[in-house]
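Down below is the structure, laid out as structure tokens.
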Amino acid sequence: MEVQELQEEIRRQKEEKDVVILAHYYQRPEIQDIADFVGDSLELSRAAASAPQGTILFCGVRFMAETAKILSPDKKVLTPYPLAGCLLADMADPRQVEEAKKANPDAKVVAYVNVYAEIKALADIICTSANARKVMEKMEGEKIIFLPDRNLGAFHVRTMKGKGVTLWNGYCPIHQGITPQSIERVKAQHPQALVIVHPECPPEVTEKADFVGSTSQLLRFVEKSDAISFIVGTEEGILHQMKKTAPDKEFLLPDPVPYCDQMKMITLDRVHKALEEGIYVVDVEETVRAKAEQAIRRMLEL
Ligand code: SF4
């Protein structure tokens with residue numbers, strides 16, 4: 001089937017089968033266009049929980065679909081491709097986290113939402129790239145283990161006082177690949193462009209950027225800014241929403257372009273198949289789910 005035909009068929013089936021489709025900002029444009037909601041992982045999980053539909057088809061990587069299941073245990077959650085993982089989430093192993101907790105019994109574990117359910121269940125509280133600093137500042141006690149993204153942790157910790165934060169040595173290879181050189185190559189051709197980047201980028205990039213923010217914050221920034229040209233330091237999928245939000249502005253990407261193969265494993269064909277056949281169901285074991293939910297709810301209460 002042609003793209004448009006497939007999109008029409010997906011739209012028809014999702015209505016008929018009472019399914020809400022959610023897509024992360026890093027998804028392919030043709031998938032973002034058939035979604036009921038496009039957002040970052042936590043926004044989407046909250047949208048999933050409040051959606052009236054009984055089934056959620058989550059277009060994103062596995063930990064995102066899991067987060068939706070954690071917050072909506074009574075709904076059926078489907079993923080178009082269960083092997084779409086996250087290289088950052090893979091860097092936090094439950095056994096290593098348990099060992100770190102034993103070695104630091106008075107430290108609180110703050111886990112970025114980009115981890116699997118088992119790690120969320122071991123954390124005291126979850127945070128997002130937008131609220132990591134606020135969450136750490138509000139934690140009781142002075143010692144924190146922040147995982148798994150060392151860049152996100154370092155970005156917030158450098159302006160924070162009164163806490164001893166141990167950073168896990170994980171990183172997102174896609175954002176780690178955004179270097180000062182990859183930005184300068186583009187800036188040389190477009191000197192007027194503002195450099196806006198995600199906090200998962202390495203410190204030598206975030207320190208020099210004009211603005212640092214989560215995907216949602218980057219989107220709001222380009223909408224409100226008086227500037228007309230931006231070099232966007234995050235996964236290229238975000239440009240689809242940026243162009244829709246601010247069609248008269250210019251959006252450029254670092255060279256080489258940051259591209260997440262895992263996110264792009266979700267294709268229109270796979271979305272169609274999952275919808276048609278009711279596969280693949282995402283489940284999280286109940287003890288793990290309940291603990292993980294507690295850690296997420298603690299953040300939401302802040
Ligand atoms: Fe994971 Fe990085 Fe891909 Fe996001 S861009 S899904 S953090 S590997």
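All ligand and atom numbering here is 1-based and tracks the order in the structure. Just so we're clear, the structure is a prediction, and the values are computed from it rather than from any experiment.
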[atom] [closest protein heavy-atom partner, distance rounded to 0.1 Å]:
atom: atom 8 (S) of ligand 1; answer: Leu87 N, 3.6 Å
atom: atom 4 (Fe) of ligand 1; answer: Tyr26 CE1, 4.0 Å
atom: atom 7 (S) of ligand 1; answer: Asn114 ND2, 3.5 Å
atom: atom 2 (Fe) of ligand 1; answer: Cys172 SG, 2.3 Å

query = Under 2.8 Å from atom 2 (Fe) of ligand 1, is there an N/O/S atom belonging to His175?
reply = no
query = Does a donor on one side chain sit under 3.5 Å from an acceptor on the other, for Glu9 and Gln13?
reply = yes
ask   = Between the side chains of Gln32 and Gln241, is a donor N or O closer than 3.5 angstrom to an acceptor N or O?
value =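 Gln32 vs Gln241: donor-acceptor pair found between side chains.
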key: Under 2.8 Å: N/O/S of Cys260 next to atom 3 (Fe) of ligand 1   = yes
note = Rounded to the nearest 0.5 angstrom, the CD1-NZ distance for Ile10 and Lys273 is 13.5 Å
task = With heavy atoms of Glu200 as the reference, note each atom of ligand 1 found under 4.0 Å away.
result =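 That gives atoms 7 (S) of ligand 1.
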query = Quick one: does Lys120's side chain have a donor or acceptor within less than 3.5 Å of a partner on Ile296's backbone?
reply = no
key: Within reach of ligand 1, part of Cys86 (heavy-atom separation under 4.0 Å)   =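 Cys86 to ligand 1: contacts from backbone and side chain alike.
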request  = Consider only side-chain heavy atoms of I, L, V, M, F, W and Y, link residues closer than 4.5 Å, and tell whether Leu42 and Met263 are in one cluster.
outcome  = no
query = Between Ile174 and Tyr259, is any pair of side-chain heavy atoms under 4.5 Å apart?
reply = no
